[in-house]
Amino acid sequence: MRVALVINTSWNIWNFRASLVRALQAAGHEVLAIAPPDDYSARLETELGCRFVPILMENKGTNPVKDAALTRRFYQIYRRERPDVVLHYTIKPNIYGSIAAKLAGIPSINNVSGLGTVFIIKNFVSKVALGLYRFAFRFPAKVFFQNGDDRQLFLDNGLVRQEITDLLPGSGVDTRKFRPAGQFVRQIPFVFLMVARVLYEKGVVEYFEAAKIIRSVLPGTRIQLLGGLDEAGGVGVPRATFEEWLKAGDIEYLGRSDDVAAHLHKADCVVLPSYREGTPKTLLEAAAVGKPLVTTDVPGCRETVVDGLNGYLCQVRSGEDLAAKMLKVLQLPEAELEAMGKASRHLAETKFDERLVLEKYLSAVAAVQRK
């Protein structure tokens, strides 16, 4: 079969779907990668071996004229490339790609990997998004969700039929690639790490607030942030604002990296104070390398932590409570800190191994093929 993966960035395919591409290829399928071009597009062809098909797509914004044009572009590509099945990810492919696939007579499988700003902020745009989901999700053969809260929200709002839904453990994590270090080492001074784009909804404001509190108590503590700036659509922290925050000296900004595992290994605890997620890949990777976690008690994040066993859950939008939970980890004796990391690794192996995700996708593709 010819299988198309459709996502809002090539970077996303490279970072989160590479294992799925390889699994589909190993099962004998040809894979097309359909996404806006960026620095990772060429690597999809040269290193992953899938054919890259560019599409113009604005990831943010809700202009109906532009969105209608996007549906048309999806339709034209689907008609030209004739995939046997289309796998959609992220909001615009899920909505407009599903409509286009239906018009082109091609079955689709969708993945709701997080509900994003439109479900965090209740306004006119979120009402429009609900209506669009309700219409577009009449067409897919299967809709995967990454946590039960998101699926229930869609069911409660009548956005999708229950019989076509299924749950995945996030994007899963390659537990063979992401492994604990051979020997446990507690860093001196202690190192906290947050891995996320610099977006308000990731809790970056609260992370800065917590860093200020922690370093006022223990000035030597290292508190790091790894992730790119994203000023598009008004959801990212403006560069000038971010640079002003950094002047306080409480956060070490590490920029972007293609080797996240190297940074995870150098941290004692990984933190994500997000407002809502699908299931965050960075926390799964941190768990797989055996790190304690601190994250918010919200859909998507809470699935990664058994409170008190492999980390702590904190209140959302509270820098003070985030700091309190980070300090609890910092103050653990070495043996308890090591045990917490081992509990994270066990959770990654038993609940979040990507092989569970790949099996469900291969089964869903095979089911479409049989029809």
Side-chain angles (χ1 to χ4, degrees), residues 1-55 57 59 81 83-90 93-94 97 108-114 142 144 146 168-179 195-197 226-228 230 256-265 277-289 304 348-349 351-366:
M1 293 176 72
R2 177 176 289 176
V3 181
L5 269 69
V6 188
I7 309 186
N8 63 0
T9 63
S10 299
W11 173 89
N12 191 314
I13 298 175
W14 174 261
N15 278 278
F16 299 144
R17 310 295 163 195
S19 293
L20 176 58
V21 170
R22 294 188 184 102
L24 288 165
Q25 290 168 335
H29 303 302
E30 177 193 356
V31 179
L32 303 182
I34 303 174
D38 60 29
D39 293 344
Y40 290 79
S41 303
R43 298 175 73 173
L44 297 178
E45 294 200 324
T46 59
E47 297 178 50
L48 272 185
C50 51
R51 186 155 59 83
F52 175 67
V53 180
I55 184 169
M57 187 190 323
N59 294 334
E81 301 295 341
D84 295 291
V85 60
V86 183
L87 312 184
H88 292 120
Y89 300 83
T90 64
N94 271 340
S108 60
I109 297 169
N110 290 6
N111 184 310
V112 178
S113 55
K142 175 80 73 176
F144 287 118
Q146 296 195 359
L168 294 173
S171 302
V173 61
D174 185 344
T175 55
R176 292 163 293 189
K177 176 183 175 184
F178 289 88
R179 301 185 60 83
V195 183
R197 286 179 296 154
L226 175 68
D230 184 353
R256 289 175 58 177
S257 173
D258 282 337
D259 190 2
V260 173
H263 293 280
L264 292 173
H265 278 293
E277 295 281 335
T279 301
K281 186 83 166 180
T282 55
L283 291 185
L284 302 188
E285 291 172 348
V289 300
T304 65
E349 289 176 329
K351 186 177 178 182
F352 294 110
D353 193 296
E354 72 175 9
R355 282 171 283 193
L356 302 170
V357 177
L358 301 180
E359 286 169 8
K360 286 206 172 190
Y361 259 105
L362 292 173
S363 295
V365 168

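What you see is a predicted model; the values in this text were computed from it and never measured.
- Ring geometry for Tyr40 against Trp14 counts as tilted: the plane angle lies between 30° and 60°, on a 0 to 90° scale.
- Considering all non-hydrogen atoms of both residues, Pro36 and Met57 come closest at CG-CB, 3.8 Å.
- When all heavy atoms of Phe178 and Ala261 are compared, the closest pair comes out as CE2-CB, 3.6 Å.
- Residues Asp259 and His263 form no side-chain contact, since every pair of their non-hydrogen atoms from C-beta on lies 4.5 Å or further apart.
- If you check the side chains of Asn111 and Tyr361, you find a donor sitting under 3.5 Å from an acceptor.
- Using a cutoff of 4.0 Å between basic side-chain nitrogens and carboxylate oxygens, Arg43 and Asp258 are scored as salt-bridged.
- Shown here for Ala23 and Leu362, the closest heavy-atom pair between the two residues is O-CD2, 4.0 Å.
- Remark: Asn15 CG to Thr282 OG1 distance equals 11.5 Å, nearest 0.5 Å.
- Looking only at side-chain heavy atoms (C-beta outward), Val357 and Leu20 stay at 4.5 Å or farther from each other.
- Side-chain atoms of Leu24 and Leu87, non-hydrogen and from C-beta on, do get closer than 4.5 Å to each other.
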> Could you walk me through whether Gln146 and Val112 pass the side chain to side chain contact (heavy atoms under 4.5 Å, CB included) check?
Replying inline: CA-CA 7 Å; Gln146 296 195 359; Val112 178; over 6 Å; no
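- Put simply, the side chain of Arg17 reaches to within 4.5 Å of the side chain of Ile7, judged on heavy atoms.
- Lys281 places a side-chain N or O within 3.5 Å of a backbone atom of Gly172 that can act as its donor or acceptor partner.
- Looking at Leu284 and Thr279, their side chains come closer than 4.5 Å, going by heavy atoms from C-beta outward.
- For the residue pair Asp38/Thr9, the side-chain donor-acceptor check at 3.5 Å is not satisfied.
- The shortest distance between side-chain heavy atoms of Ser108 and Val85 does not fall below 4.5 Å.
- Under a 3.5 Å cut-off, the side chain of Arg355 and the backbone N or O of Thr175 do not form any donor-acceptor pair.
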>> Does Tyr89 form a side chain to side chain contact (heavy atoms under 4.5 Å, CB included) with Leu5? I'd like the steps, not just the answer.
In response: CA-CA 8 Å; Tyr89 300 83; Leu5 269 69; 4.3 Å; yes
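- Of the possible donor and acceptor atoms, none in the side chain of Ser41 sits under 3.5 Å from a partner among the backbone N and O of Ser10.
- Distance check, rounded to the nearest 0.5 Å: CD of Gln25 to CG of Leu48 gives 7.0 Å.
- To the nearest 0.5 angstrom, Glu277 atom CD is 9.5 Å from Thr304 atom OG1.
- Residues Val173 and Ala288 approach most closely at CG2-CB, 3.9 Å, considering heavy atoms.
- Expressed to the nearest 0.5 Å, how far CD of Glu45 lies from CZ of Arg51 amounts to 8.5 Å.
- Of the inter-residue distances, the one linking Ile34 atom CD1 with Asn8 atom CG reads 13.5 Å to the nearest 0.5 angstrom.
- Residue Lys177 holds its NZ atom at 9.0 Å from CD of Glu354, rounded to the nearest 0.5 Å.
- Between Glu30 and Met1 the shortest side-chain heavy-atom distance does not fall below 4.5 Å.
- Here the shortest heavy-atom pairing between His265 and Arg179 reads CE1-O, 2.9 Å.
- Shortest non-hydrogen contact noted between Ile109 and Val365 is CD1-N, 4.0 Å.
- For the residue pair Asn94 and His88, no side-chain donor N or O sits within less than 3.5 Å of a side-chain acceptor on the partner.
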